[in-house]
Amino acid sequence: MAFYFKEPSHTFGEYLLVPGYSSDKCIPNNVSLKTPLVKFKKGEEPKISMNIPMTSAIMQAVSNDKMAIALAKEGGVSFIYGSQSIEAEAAMVSHVKNYKSGFVSSDSNIKPTTTLGEILDLLQKTGHSTMAVTEDGTPTGKLLGIVTSRDYRISRMSLDTKAETFMTPFEKLVYADADTTSLTKANDLIWENKLNMLPLVDKNQRLRYMVFRKDYTDNKEHELELIDENKRYIVGAGINTRDYAERVPALLKAGADVLCIDSSEGFSEWQRITLKYIHEHFGSDVKVGAGNVVDAEGFRFLAEAGADFIKVGIGGGSICITRETKGIGRGQATALIDVCAERDRYYEETGVYIPVCSDGGIVHDYHMTLALAMGADFLMLGRYFSRFDESPTDKVKVNGTYYKEYWGEGSNRARNWQRYDLGGARKLSFEEGVDSYVPYAGPLKDNVNITLAKIRSTMCNCGALTLPELREKAKITLVSATSIVEGGSHDVILKDKFGRN
Ligand code: RVP
């Protein structure tokens with residue numbers, strides 16, 4: 001006879017936190033959100049911890065190199081999507097590892113023959129008024145000059161005028177040596193010479209980086225940035241259970257700090273084989289997360305198979321239709337509570353702590369706090385990050401409002417069959433995800449800071465200054481359907497319904 005769980009499974013929206021005593025020390029500024037990313041033995045430190053409990057989803061529409069840099073600056077980790085060629089994924093990892101904070105590659109490049117009209121088009125496209133004039137128009141070509149909006153007057157000049165006639169030529173530029181100039185030195189030069197931007201060139205006058213005055217202040221603002229011992233940003237990468245023998249060494253060579261098997265359902269022999277192969281061939285120092293599972297049994301299986309962290313969640317993702325399509329899954333909150341209880345039992349028994357990641361289904365910021373209170377060590381978020389400037393997708397205007405595109409890995413658009421592979425044909429037999437729009441929300445930094453402020457504030461309401469303390473002290477209640485209605489504004493007529501704000 002089938003096994004029946006005694007309780008229905010619930011999701012985050014059905015729970016609330018009940019405040020506990022907050023001492024006068026319990027203020028948001030004192031809250032630490034530091035959390036382990038990979039497993040560790042009792043009394044030891046994990047090889048990698050994060051400064052905020054957020055990772056970005058292993059998805060084409062979410063985690064590329066740009067997202068990874070932006071999130072590492074705030075203290076979290078992106079897992080670069082694996083549904084691309086090994087070379088392309090390794091190149092993204094390598095870009096993150098080689099990114100020098102404050103040193104940017106030029107994204108607006110022109111040739112000496114580029115016309116003013118073309119320059120204005122480029123400005124419209126990139127929004128960047130500082131353009132490098134290189135011999136071949138590439139970001140790393142021989143630097144011949146710089147054009148900024150101070151170099152031309154649209155009302156007085158013909159749109160056919162070529163850049164070479166009005167650019168500031170190389171001979172008149174203040175520049176520095178890319179190989180020997182530190183960020184501090186670059187910033188000193190910027191201040192001494194009243195520059196907005198300092199180009200860094202190699203010994204052949206080829207452009208390597210630009211350092212902008214505005215990035216100086218930006219750099220000072222990233223107190224929680226997550227870096228390795230060589231001051232490079234920490235980055236993760238997704239892998240699958242098919243081509244790991246080739247993909248893993250390429251990603252490690254590119255500098256990936258942590259890997260994660262990306263699969264919609266992880267309680268399978270394929271994951272065990274993959275974990276075993278990686279640890280045997282590349283050493284136990286290579287950190288690999290696995291998943292997804294939704295119960296204690298699934299956790300125990302992956303723990304014994306050697307997973308360095310374990311992801312929880314099937315069917316709760318905003319773009320996911322696995323539950324409708326296949327009828328598998330479990331309410332995210334119930335799944336998480338069950339798995340975290342098993343993690344704690346496993347820790348008691350073995351002295352090994354395996355972090356649990358709650359993946360998918362976060363709709364409101366408070367759901368994050370609930371997930372952390374229920375035991376998640378960190379979260380994986382797709383929709384949340386897809387809305388930001390840094391996600392890889394296009395920003396589109398629909399009926400006067402801006403949206404970003406967001407699609408599931410199981411959609412026809414992504415065709416990530418490896419994620420759904422159960423050892424059959426090498427193709428996506430049916431869709432498990434949708435293609436959608438999400439409201440555009442602006443820069444990652446601003447949004448993440450607001451979310452973290454809410455989490456810290458709620459933690460103080462619960463009397464907790466750290467995540468382990470939150471788990472220990474949290475008092476959580478299920479709410480009735482009627483009380484959920486009470487939670488929003490009710491019995492008033494919102495002013496915007498009258499067309500006013
Ligand atoms: P969300 O944050 O709710 O958008 O969910 C993101 C998660 O959804 C991913 O981390 C992944 O586990 C899952 N996903 C990704 N693609 C699909 C799909 O096409 N069904 N699901």
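Quick caveat, the model's predicted, so the values are computed rather than measured. In listed order, ligands and their atoms are each counted from 1.
Between the side chains of Ser63 and Ser56, a donor-acceptor pair is found at a separation under 3.5 Å. A donor atom on one side chain and an acceptor atom on the other are found under 3.5 Å apart for Thr451 and Tyr384.
Distances from atom 4 (O) of ligand 1 to the heavy atoms of Tyr384, Phe385, Trp407, Tyr406 put Tyr406 nearest. Heavy-atom proximity to atom 9 (C) of ligand 1, evaluated over Asn412, Asn416, Asp359, Leu381, is greatest for Asp359.
Scanning the protein for heavy atoms near atom 20 (N) of ligand 1, the closest one is Glu432 O, 2.7 Å. In this structure, atom 19 (O) of ligand 1 lies nearest to the protein heavy atom Gly410 N, 2.6 Å. The single protein non-hydrogen atom nearest to atom 16 (N) of ligand 1 is Glu409 N, 2.9 Å, given as residue, atom name and distance. Of all protein heavy atoms, the one closest to atom 15 (C) of ligand 1 is Met59 CE, 3.5 Å. For atom 8 (O) of ligand 1, the closest heavy atom belonging to the protein is Gly317 CA, 3.7 Å. Atom 2 (O) of ligand 1 has its closest protein heavy atom at Gly382 N, 2.8 Å. Summary of contacts: the protein heavy atom closest to atom 13 (C) of ligand 1 is Arg419 NH2, 3.6 Å.
Against a heavy-atom cut-off of under 4.0 Å, Arg383 is close to the following atoms of ligand 1: 1 (P), 2 (O), 4 (O). Residue Ser318 approaches ligand 1 through these ligand atoms, each under 4.0 Å from one of its heavy atoms: 1 (P), 3 (O), 4 (O), 5 (O). Against a heavy-atom cut-off of under 4.0 Å, Gly361 is close to the following atoms of ligand 1: 1 (P), 3 (O). Residue Ile319 has at least one heavy-atom neighbour below 4.0 Å for each of these atoms of ligand 1: 8 (O), 14 (N), 15 (C), 16 (N), 17 (C), 21 (N). Here is the list of ligand 1 atoms found below 4.0 Å of a heavy atom in Cys320: 20 (N), 21 (N).
At a 4.0 Å cut-off, not a single heavy atom of Glu431 sits close enough to ligand 1 to count as contact. Not a single heavy atom of Gly313 sits closer than 4.0 Å to an atom of ligand 1.
Considering only heavy atoms from C-beta on, Glu7 stays 4.5 Å or farther from Leu478 through its side chain. Here the side chains of Glu405 and Arg413 are in contact, with some heavy-atom distance below 4.5 Å. Side-chain contact between Val62 and Phe79 is absent, with no heavy atoms from C-beta onward closer than 4.5 Å.
A salt bridge links Arg471 with Asp377; the closest basic N to acidic carboxylate O contact falls under 4.0 Å. In summary, Asp338 and Arg330 engage in a salt bridge, as defined by a charged side-chain N under 4.0 Å from a carboxylate O. Between Arg232 and Asp257, no side-chain nitrogen of the basic residue sits less than 4.0 Å from a carboxylate oxygen of the acidic one, so the salt-bridge criterion is not met. Note on Arg345 versus Glu348: no salt bridge recorded, every NZ/NE/NH1/NH2 to OD/OE distance being 4.0 Å or above.
A centroid separation of 6.0 Å or more is found between the aromatic rings of Phe299 and Phe301.
The shortest non-hydrogen separation linking Leu275 to Ala307 is CD1-N, 3.9 Å.
At a heavy-atom distance under 4.0 Å, only side-chain atoms of Tyr420, from C-beta outward, approach ligand 1.
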